[in-house]
2 protein chains.
Amino acid sequence: MAQPDTVTRILDTAEVLFAERGFAETSLRTITGKAKVNLAAVNYHFGSKKSLIQAVFARYLDPFTERFHRALDELEARHARDGSEIPLEELLETMARTVLEVPAERDSLKVFMRLLGLAYTQAQGHLRGYIQSQYGEDFSHFTELVRRATPELPDAERFWRLHFILGSVIFTLSGLDALRDIAEHDYDERVSVSELVQKLRPVVVAAMQAPMPDQR
Amino acid sequence: MAQPDTVTRILDTAEVLFAERGFAETSLRTITGKAKVNLAAVNYHFGSKKSLIQAVFARYLDPFTERFHRALDELEARHARDGSEIPLEELLETMARTVLEVPAERDSLKVFMRLLGLAYTQAQGHLRGYIQSQYGEDFSHFTELVRRATPELPDAERFWRLHFILGSVIFTLSGLDALRDIAEHDYDERVSVSELVQKLRPVVVAAMQAPMPDQR
DNA sequence: GGCGTAGAAAAACGCATGTTTGAAACTGTC
DNA sequence: GACAGTTTCAAACATGCGTTTTTCTACGCC
């Protein structure tokens, strides 16, 4: 098999290493060494380490938002025809399906989720700004649809619950390997990612439909 | 007021900086500079940066586990007397109260949660091992009580749901500042930490009591 | 066939990092 | 008040980092 070109080799290696150790902890020398590529290649092709990080994200998020956008439009169109509202389950289902679809091609869901987690938790101010500016609009579209699907929730409450859920998903899927090892060791149950998503589904729905907190 | 001693000044400064930027992104020079302490002091008092990181955690986790242990024992004793089982809400309540109590003395819940989040997400293999070895037992005690409180759940299912919840809590509270800014900007609702914990409560309970996923 | 350009390779640059050193300053004790 | 032990300090050390520069190689084009 022919070796992929330099740019692809760098991206392939970088995303795995970033996902494993974080951005600051992964040096260009480690990346280029493992990718069997000259050190200067990163700066030549990407300009800087920062841009490499953004490129790694773009390679996931561009196809993701593209598909997600299409899926949401289609969902809206279908329900617009018969005038019904889109139920929450269907929205969550659509998001889950898209998240699973995109990295499936490279068997890298774990990497994708780890990267999302890192984008939130690692400092890297430039990343948050980049993601917000590039993909913020599509996410807003989604939250607007969720708003219509859960009209009984106050806006702020829905906002927080969405982030609770986001935390569950990112946290669980990004720490997947470690957790899976523990689960297998303690309960010998070996779960696949799709089984885990199945486990998440009722929990997420229940979280969104939980009663409002007591006012004390 | 007298300046705290060098060790305390280092710990106070380090925990804030670590929480803000992560471990790798915080240099000893930044810490010692801000703490108005000589650079060599860290290596003199702690031995290495690694040990400093562990010391920062120990200063939170030692009192936390100590209190948590006591609180659980007391809870168990109380219910052992009348032979009743400890309800799930009470267990979660106890944990939440203890988490809130410990850093309250220094108004640093945010820091505490950020640190917990970092312990999970930043590589720092030594940290995970250290925490597991030092505090793993107390956490096991807690999960055992949760097991008794939710006998209808299969062990593996409970395991995963606990981690879903852990994800929600750590993710939300560790990204608190950023999220709070958004929430305030978009919905002008300024939530306090205890209000957020109040919002989390019904969601967490609902998550644990959600129906089992469909088998497909 | 020579030329121009894009890419790869090797080396060096400048800088920030964690750590170590050795001398100075301080502290308590007899 | 001299001594031993501890803590502070400035300086240096070695290393690893991202980036830049320079040289070399390969390929398309009139």
Side-chain angles (χ1 to χ4, degrees), chain A residues 1-59 115 118-119 122-127 129-130, chain B residues 1-59 115 118-119 122-127 129-130:
Chain A
M1 83 185 177
Q3 284 269 47
D5 67 359
T6 305
V7 170
T8 310
R9 282 227 300 288
I10 293 175
L11 286 172
D12 287 346
T13 313
E15 68 171 30
V16 172
L17 291 174
F18 284 153
E20 277 173 6
R21 335 180 178 181
F23 305 116
E25 295 88 345
T26 306
S27 72
L28 293 186
R29 282 172 174 81
T30 311
I31 296 171
T32 53
K34 204 153 191 169
K36 294 200 167 57
V37 151
N38 189 271
L39 168 62
V42 170
N43 288 281
Y44 178 76
H45 287 286
F46 296 94
S48 67
K49 188 179 179 180
K50 267 189 195 173
S51 313
L52 169 62
I53 295 175
Q54 295 181 357
V56 165
F57 273 85
R59 201 164 59 139
L115 290 176
L118 289 178
Q122 305 252 115
Q124 300 289 343
H126 71 98
L127 232 195
Y130 170 78
Chain B
M1 83 183 177
Q3 282 268 47
D5 67 359
T6 305
V7 170
T8 310
R9 282 229 298 288
I10 293 175
L11 286 172
D12 287 347
T13 313
E15 68 172 31
V16 172
L17 291 174
F18 284 154
E20 275 173 6
R21 334 179 179 182
F23 306 115
E25 295 87 345
T26 307
S27 72
L28 293 185
R29 282 173 174 79
T30 311
I31 296 171
T32 55
K34 204 153 190 170
K36 294 201 167 60
V37 151
N38 188 271
L39 169 61
V42 170
N43 288 280
Y44 177 77
H45 287 286
F46 296 93
S48 67
K49 186 179 181 181
K50 266 189 197 174
S51 313
L52 169 62
I53 295 175
Q54 295 181 358
V56 166
F57 274 86
R59 201 163 60 138
L115 289 176
L118 289 178
Q122 304 249 117
Q124 299 290 342
H126 71 98
L127 232 195
Y130 169 79

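The sequence lines fix the lettering, A, B, ..., with proteins before strands; numbering per chain opens at 1. These figures come from a predicted structure and were not determined experimentally.
- The NE2-P distance, from B/His126 to C/dG18, rounds to 12 Å in whole Å.
- Between B/Leu28 and B/Leu52, some side-chain heavy-atom pair lies under the 4.5 Å cut-off.
- Taking the side chain as every heavy atom from C-beta outward, B/Thr32 and B/Asn38 never approach each other to under 4.5 Å.
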Assess whether side-chain contact (heavy atoms from CB on, under 4.5 Å) is satisfied between B/Val37 and B/Thr13, documenting all intermediate values. CA-CA 10 Å; B/Val37 151; B/Thr13 313; over 6 Å; no
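- Between B/Glu25 atom CD and D/dG16 atom C1' the separation is 16 Å, expressed in whole Å.
- When rounded to the nearest whole Å, the span between CZ of A/Arg21 and C1' of D/dG16 equals 14 Å.
- Taking atom NZ of residue B/Lys36 and atom C1' of nucleotide D/dT7, one finds them 20 Å apart after rounding to whole Å.
- Between the CD1 atom of A/Ile10 and the C1' atom of D/dT19 there is a distance of 14 Å, rounded to whole Å.
- Taking only distance into account, the side chain of B/Arg29 meets the base of C/dG18 through a donor-acceptor pair shorter than 3.5 Å.
- Residue contacts shown for A/Thr32 are absent, as no nucleic acid heavy atom lies under 4.0 Å away.
- With contacts defined as side-chain heavy-atom distances shorter than 4.5 Å, the pair A/Lys50/A/Ile53 does not qualify.
- Proximity note for B/Thr6 (side chain, C-beta onward) versus C/dG18, D/dT8, C/dA8: the nearest is D/dT8.
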Show every donor-acceptor pair shorter than 3.5 Å between a side-chain atom in residues 42-49 of chain A and any protein atom, with sequence neighbours excluded, or say none if there are none.
unit_1, atom_1, unit_2, atom_2, d
A/Ser48, OG, A/Ser51, N, 3.3
A/Ser48, OG, A/Ser51, OG, 3.0
A/Lys49, NZ, A/Phe23, O, 3.0
A/Lys49, NZ, A/Thr26, O, 2.7

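- Using a cut-off of 4.0 Å between Lys/Arg side-chain N and Asp/Glu carboxylate O, B/Lys34 and B/Asp12 are scored as not salt-bridged.
- Rounded to whole angstrom, the span from the CG atom of A/Leu39 across to the P atom of C/dG14 amounts to 17 Å.
- Atom CD1 of A/Ile31 and atom CD of A/Glu15 lie 11.0 Å apart (nearest 0.5 Å).
- Taking every heavy atom of residues 40-49 of chain A and every atom of DNA chain D, pairs under 4.0 Å involve A/Ala40, A/Asn43, A/Ser48, A/Lys49, by number.
- What separates CD1 of B/Ile31 from P of C/dG18 is a distance of 8 Å, to the nearest Å.
- In this structure, the CG atom of A/Asn38 is 5 Å from the C1' atom of C/dA9, given to the nearest Å.
- Residue B/Ser27 places no side-chain N or O under 4.0 Å from the OP1 or OP2 atom of C/dA16.
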